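Convention: sequence-line order gives letters A, B, ...; per-chain numbering from 1. All heavy atoms count here, side chains included; hydrogens, waters and symmetry mates do not. Because the structure is a prediction, the values reported are computed rather than measured.
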2 protein chains.
Amino acid sequence: MSPNSFLGEFEQMVLLGILQEGDEAFALEVRREIERSADRTVSRGAFYTTLDRLERKGYVVWSEAESDDPRRTGPLRRFEVTPEGLLALRVSRRAFDALSRGLDEVLSEA
Amino acid sequence: MSPNSFLGEFEQMVLLGILQEGDEAFALEVRREIERSADRTVSRGAFYTTLDRLERKGYVVWSEAESDDPRRTGPLRRFEVTPEGLLALRVSRRAFDALSRGLDEVLSEA
DNA sequence: CACTGTATGTACACAATGTAGACACGCGTT
DNA sequence: AACGCGTGTCTACATTGTGTACATACAGTG
């Protein structure tokens, strides 16, 4: 029934990161958010590649933004999750929630 | 800090499925559990491949079991999540929980 | 003005994970 | 013996994850 095309692990994180940043979802801010939350490093290459794939799937869109920092140049991409992206995220979460039901104790660290 | 080697989406599901089945985590039971919870089909090939990879990583172990059904033959694998597997699962979840913080409303379906 | 450092973003290659299809095997039933 | 059913294996290929090297632009410094 479901599209059988699940979001990858990292794709979900990127989507969540964008949502976290709200209106201020500049690419590298999102990246930093993920690094903070997941306690790991994320290379720019990996990050932009994933962003582009999500865009191709129609799960995110972006627009140029200007910045107050005069040193910034180029596009400065600001991202937004589309309704389709949100839906995909929800579908994934629902599956996880169902599979995690009753396992809270096991899954929470000692 | 973290191993930077995240569990894949499907790998997590398999781990969760095994935990759900508890002592009765026979391969195809687990598979059915995932199909139920995630509302999608899972081919045997895909499933066993993932199981083998999890085993190579030391995240699951299995033992043969006999069955009450005389028609059943061959190994009949019963799985178990190792402490390492459980840890990996927790690490992944922690990252997701952190990234999802405050997004409950957005993520719950209408 | 060239030279260096910082901040974005892009291109590309390769590794890891996800997925299906075809194959093997053994037991009951016919 | 031929067939169907329930398990499990092998293998090829698609998708996703990840790093490295590169390009561009501005500010500050000499």
Side-chain angles (χ1 to χ4, degrees), chain A residues 2-15 17 24-32 34-35 38 40-57 59-60 62-79 85 88-89 92 95, chain B residues 2-15 17 24-32 34-35 38 40-57 59-60 62-79 85 88-89 92 95:
Chain A
S2 77
N4 243 25
S5 163
F6 268 62
L7 285 167
E9 175 88 9
F10 190 54
E11 290 180 323
Q12 286 189 54
M13 290 199 203
V14 171
L15 251 19
E24 297 301 311
F26 298 105
L28 296 185
E29 289 298 327
V30 174
R31 176 182 169 228
R32 275 187 278 274
I34 294 174
E35 293 193 317
R40 64 174 214 170
T41 61
V42 175
S43 76
R44 264 171 310 154
F47 182 63
Y48 281 110
T49 302
T50 298
L51 237 18
D52 287 345
R53 286 173 186 161
L54 286 172
E55 189 195 6
R56 233 177 297 133
K57 294 189 199 173
Y59 290 170
V60 304
W62 61 278
S63 49
E64 287 198 22
E66 57 260 29
S67 158
D68 44 344
D69 183 345
R71 280 185 318 181
R72 281 231 196 80
T73 174
L76 224 214
R77 298 161 72 178
R78 170 157 54 196
F79 289 87
L89 206 45
S92 283
Chain B
S2 77
N4 242 25
S5 163
F6 267 62
L7 285 167
E9 175 90 7
F10 190 54
E11 291 180 322
Q12 287 189 52
M13 289 199 204
V14 171
L15 252 17
E24 298 300 312
F26 298 105
L28 295 186
E29 289 298 327
V30 174
R31 177 182 168 228
R32 275 187 279 275
I34 294 173
E35 293 192 317
R40 65 173 214 171
T41 61
V42 175
S43 76
R44 264 171 309 150
F47 183 62
Y48 281 109
T49 302
T50 298
L51 237 18
D52 288 346
R53 284 173 186 160
L54 286 172
E55 189 196 6
R56 233 177 296 134
K57 293 189 199 173
Y59 290 170
V60 304
W62 61 277
S63 49
E64 287 198 24
E66 58 261 28
S67 157
D68 42 346
D69 182 343
R71 280 185 318 181
R72 280 232 197 80
T73 176
L76 224 214
R77 299 162 73 178
R78 171 157 52 198
F79 289 86
L89 205 45
S92 283

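- Each of A:Gly8 and B:Arg53 has a nearest nucleotide on DNA chain D; the 5'-most of these lies closest to B:Arg53.
- Comparing C:dT17, D:dG17, C:dG9 by their nearest atom to the side chain of B:Lys57 picks out C:dT17.
- Taking 3.5 Å as the limit, the base of D:dG6 and the side chain of B:Arg44 contain no donor-acceptor pair of atoms between them.
- Using a 4.0 Å heavy-atom distance criterion, A:Tyr48 is classed as a base contact.
- Rounded to an integer number of Å, the gap from CZ of A:Phe47 to C1' of C:dA7 is 15 Å.
- Nearest to the side-chain atoms of B:Arg40 among the listed nucleotides D:dT18, C:dT19, C:dG9 stands C:dT19.
- Taking atom CD on A:Glu11 and atom C1' on C:dA16, their separation rounds to 14 Å, with Å as the unit.
- Distance, A:Glu35 CD to D:dG17 P: 16 Å, rounded to whole Å.
- Per the geometry, CZ belonging to A:Arg31 stands 12 Å off C1' belonging to D:dT18, to the nearest Å.
- When each of B:Leu28 and B:Thr49 is assigned the nucleotide of DNA chain D with its nearest heavy atom, B:Leu28 is the one assigned upstream, toward the 5' end.
- Whole-Å rounding puts the B:Leu76 CG to C:dG26 P distance at 15 Å.
- Rounded to whole Å, the distance from CD on A:Glu64 to C1' on D:dT24 is 14 Å.
- B:Glu24 CD to B:Arg78 CZ: the interatomic distance, rounded to the nearest 0.5 Å, is 6.0 Å.
- Nearest to the side-chain atoms of B:Thr41 among the listed nucleotides C:dG18, C:dA20, D:dG17 stands C:dA20.
- Taking a cutoff of 4.0 Å between a charged side-chain nitrogen and a carboxylate oxygen, B:Asp52 and B:Lys57 do not qualify as a salt bridge.
- Atom CG of B:Asp52 is separated from atom C1' of C:dG18 by 14 Å (rounded to the nearest Å).
- Here B:Ile34 contributes atom CD1 and B:Phe10 contributes atom CZ; the two are 5.0 Å apart, rounded to the nearest 0.5 Å.
- Atoms OG1 and CZ, on A:Thr50 and A:Arg31 in that order, are 12.0 Å from each other to the nearest 0.5 Å.
- Listed by chain and residue number, nothing satisfies the side-chain hydrogen bond (donor to acceptor under 3.5 Å, both in side chains) test with A:Glu35 (two or more places apart in sequence, or in another chain).
- D:dT16 atom P lies 11 Å from atom CD of B:Glu9, rounded to whole Å.
- Nearest nucleotide to the B:Arg77 side chain, out of C:dG9, D:dG8, D:dT18: D:dG8.
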